Amino acid sequence: MRRISPLREFGRVMELIKSRPSWDEYFMEIARVVASRSTCLRRQVGAVLVREKRILTTGYNGAPRGLAHCLEIGCLREQLGIPSGERQELCRGLHAEQNAVIQAAYHGVSIRGATLYCTHQPCITCAKMLINAGIEKIIYEEAYPDELAEQMLREAGVKLVKIK
């Protein structure tokens with residue numbers, strides 16, 4: 001029978017520890033996978049609502065349930081030449097954060113006190129919704145140029161953290 005040296009076993013364990021993601025990295029990776037379901041032609045966004053290291057709901061950006069997606073019929077915003085961040089009401093899709101909150105309501109899941117992991121920083125519309133939903137912390141990866149959203153989140157005491 002072949003024995004593994006304790007030193008070699010220790011090295012193997014240390015490699016596993018080094019490669020194990022932190023909780024923030026873990027949930028952000030899940031948000032990236034959720035974003036891969038997006039049907040938006042401009043930006044793929046994923047959101048995960050978490051409390052006490054448990055996933056409550058997820059959401060990605062796309063058209064409402066049962067309606068044609070932009071992947072199928074094209075992007076109205078592109079057709080009208082609307083720049084990113086402007087005239088958000090002229091879009092078929094819901095934002096990932098909106099869909100995560102809607103899923104919680106649809107399934108009767110309380111999200112008060114939760115943390116949102118999102119591939120992108122929330123816009124002003126989503127920021128206001130997240131404040132009223134009782135979200136305490138938002139961890140995001142990609143910046144979004146919306147100073148008013150940042151200001152309102154700070155004013156409401158919601159922690160906004162950009163992850164590497």
Side-chain angles (χ1 to χ4, degrees), residues 21-51 55-112 114-164:
S22 70
W23 284 109
D24 287 345
E25 292 166 337
Y26 172 74
F27 290 123
M28 188 57 70
E29 184 62 28
I30 292 170
R32 287 185 209 106
V33 172
V34 171
S36 71
R37 291 279 306 150
S38 170
T39 58
C40 179
L41 296 172
R42 284 187 162 189
R43 180 177 287 147
Q44 286 66 50
V45 181
V48 180
L49 282 167
V50 174
R51 188 176 51 236
I55 295 172
L56 302 172
T57 64
T58 65
Y60 53 87
N61 55 329
R65 181 185 321 241
L67 299 184
H69 293 284
C70 297
L71 285 175
E72 301 161 339
I73 63 171
C75 175
L76 176 62
R77 294 171 58 78
E78 284 294 322
Q79 293 163 11
L80 297 174
I82 299 170
S84 179
E86 294 179 19
R87 302 292 314 268
Q88 294 176 16
E89 74 278 7
L90 296 176
C91 179
R92 293 184 63 80
L94 292 150
H95 289 186
E97 304 94 318
Q98 292 169 325
N99 274 324
V101 170
I102 290 166
Q103 285 301 304
Y106 188 83
H107 294 288
V109 176
S110 173
I111 57 174
R112 183 185 313 149
T115 295
L116 174 76
Y117 289 86
C118 196
T119 57
H120 293 72
Q121 177 185 333
C123 70
I124 185 60
T125 303
C126 290
K128 291 184 285 189
M129 181 190 59
L130 294 165
I131 290 166
N132 274 2
I135 303 306
E136 292 183 354
K137 187 175 185 180
I138 298 169
I139 298 175
Y140 69 96
E141 195 168 51
E142 298 290 325
Y144 186 79
D146 196 329
E147 291 178 29
L148 183 56
E150 288 182 51
Q151 176 189 341
M152 288 187 77
L153 289 165
R154 275 194 307 270
E155 185 179 336
V158 178
K159 295 179 187 112
L160 189 61
V161 179
K162 185 175 189 318
I163 197 169
K164 294 178 186 179

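Note that the coordinates shown come from a computational prediction; the quantities given were computed from them, not determined experimentally. Numbers here simply count residues along the sequence, with the first being 1.
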message: Which heavy atom of Thr57 sits nearest to which heavy atom of Ala100, and what is that distance?
response: OG1-O, 2.9 Å

query: Testing Glu141, Lys162, Glu150 for side-chain hydrogen bond (donor to acceptor under 3.5 Å, both in side chains) with Gln121, which one passes?
result: Glu150

More than 12 heavy atoms from other groups under 6.0 Å of CD on Glu72: yes

task: Run the numbers on Leu49 and Ile135 for side-chain contact (heavy atoms from CB on, under 4.5 Å), then give the verdict.
output: CA-CA 9 Å; Leu49 282 167; Ile135 303 306; 3.5 Å; yes

- prompt: For Cys123, does its backbone N or O pair with a side-chain atom of Asp146 as donor and acceptor, under 3.5 Å?
  reply: no

- prompt: Mind checking what makes salt bridge (charged side-chain N to carboxylate O under 4.0 Å, His left out) contact with Glu89, not counting sequence neighbours?
  reply: Arg87

message: Can you confirm whether Glu78 sits close enough to Cys70 that some side-chain heavy atom of one is under 4.5 Å from a side-chain heavy atom of the other?
response: no

- line: Distance col, row Arg42:CZ vs Cys75:SG, nearest 0.5 angstrom, shows 5.0 Å

message: Given 3.5 Å as the limit, does a donor-acceptor pair link the side chain of Arg92 with the main chain of Leu76, or not?
response: no

task: Report yes if some heavy atom in the side chain of Val45 is under 4.5 Å from a heavy atom in the side chain of His95; otherwise report no.
output: no

query: Between Tyr144 and Arg43, what is the shortest heavy-atom contact and its length?
result: CE1-NH1, 2.9 Å

Atom pair CG/CG of Asn99 and Leu94 - distance to nearest 0.5 Å: 5.0 Å

query: Taking all atoms of both residues into account, what is the closest heavy-atom pair of Ala149 and Pro122, and its distance?
result: CB-O, 3.7 Å

message: Does anything in residues 58-71 form a side-chain hydrogen bond (donor to acceptor under 3.5 Å, both in side chains)? List the pairs, not counting sequence neighbours.
response: Arg37-Tyr60, Ser38-Asn61, Thr39-His69

field: Closest contact, heavy atoms only, Ala47 versus Leu116
entry: CB-CD1, 3.8 Å

- line: Residues Ala35 and Gln44: closest non-hydrogen pair is O-CB, 3.6 Å

message: Measuring from atom CG of Leu130 to atom CE of Met152, what distance do you get when rounded to the nearest 0.5 angstrom?
response: 11.5 Å

- request: Compare every heavy atom of Ala63 with every heavy atom of Ala68, then report the nearest pair and how far apart it is.
  value: O-CB, 3.4 Å

query: Would a distance-only check, ignoring hydrogens and angles, find a side-chain to backbone donor-acceptor pair under 3.5 Å from Arg77 to Pro83?
result: yes

message: Could you walk me through whether Thr125 and Gln88 satisfy the side-chain contact (heavy atoms from CB on, under 4.5 Å) test, starting with their C-alpha distance in whole Å, then the side-chain angles of each, then the deciding distance to 0.1 Å, before giving a yes or no?
response: CA-CA 9 Å; Thr125 303; Gln88 294 176 16; 3.8 Å; yes

- request: Please round to the nearest 0.5 Å and tell me the distance separating atom OG1 of Thr119 and atom CD1 of Ile139.
  value: 13.5 Å

Show me the donor-acceptor pairs, under 3.5 Å and distance only, between side chains in residues 24-31 and residues at least two apart or in other chains.
unit_1 : atom_1 : unit_2 : atom_2 : d
Asp24  : OD1    : Tyr117 : OH     : 2.6
Glu25  : OE1    : Ser22  : N      : 2.7
Glu25  : OE1    : Ser22  : OG     : 3.4
Glu29  : OE1    : Arg32  : NH1    : 2.4

